[in-house]
**Q** 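Just dropping this structure here.
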Amino acid sequence: MQQMLNKQYKADKKAAAKKEEEKEQERLEREEELRDMARKMRRRERERRERERAEESRHSPSRSRSRSPKGRRRERERSSPRRRRSRSRSRSRSPPRHYHRS
């Protein structure tokens with residue numbers, strides 16, 4: 001009786017290990033598929049940007065290289081007088097009223 005239980009225990013343990021190994025293999029395959037998909041998406045995006053740049057350069061040859069929107073935004077922020085004014089206003093606030101009590 002004990003021998004049969006041991007045999008069944010070993011078989012169950014082996015089956016569980018095989019199942020875990022299969023799950024791990026599936027996980028690795030899914031990860032690889034996701035990496036491949038991400039690579040394809042990045043490649044397509046890069047190709048799309050290259051086509052847009054080529055199209056843009058055909059329409060406006062005088063501008064060989066345009067700045068990115070981020071670069072333009074940073075330039076505006078540096079030269080914006082509004083930002084400087086708002087900072088100075090926040091520094092010159094009067095103290096809270098509870099300090100003025102007699």
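Any value given below was found using the heavy atoms of this structure, including those in side chains, with hydrogens, waters and symmetry copies removed.
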**Q** Identify, with sequence neighbours excluded, every residue that meets salt bridge (charged side-chain N to carboxylate O under 4.0 Å, His left out) alongside E33.
**A** none
**Q** Heavy-atom distance under 4.5 Å between the side chains of R53 and E56, does that happen here?
**A** no
**Q** For residues S57 and A54, report the shortest heavy-atom separation together with the two atoms involved.
**A**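 Answer, listing the atom of S57 first, then A54: OG-O, 2.8 Å.
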**Q** Let me check something: any side-chain donor-acceptor pairs from residues 38-50 under 3.5 Å, sequence neighbours excluded? List them with distances.
**A**
{"from": "R39", "atom 1": "NH1", "to": "D36", "atom 2": "OD1", "distance (Å)": "2.6"}
{"from": "E45", "atom 1": "OE1", "to": "R48", "atom 2": "NE", "distance (Å)": "3.4"}
{"from": "E45", "atom 1": "OE2", "to": "R48", "atom 2": "NE", "distance (Å)": "3.4"}
{"from": "E45", "atom 1": "OE2", "to": "R48", "atom 2": "NH2", "distance (Å)": "2.2"}
{"from": "R48", "atom 1": "NH1", "to": "E52", "atom 2": "OE1", "distance (Å)": "3.2"}
{"from": "R48", "atom 1": "NH1", "to": "E52", "atom 2": "OE2", "distance (Å)": "2.4"}

**Q** For residues 17-25, please give each side-chain donor-acceptor pair under 3.5 Å, one per line with the distance, not counting sequence neighbours.
**A**
{"from": "E24", "atom 1": "OE1", "to": "R27", "atom 2": "NE", "distance (Å)": "3.2"}
{"from": "E24", "atom 1": "OE2", "to": "R27", "atom 2": "NH2", "distance (Å)": "2.5"}

**Q** Any side-chain heavy atom of K7 within less than 4.5 Å of one from Q3?
**A** no
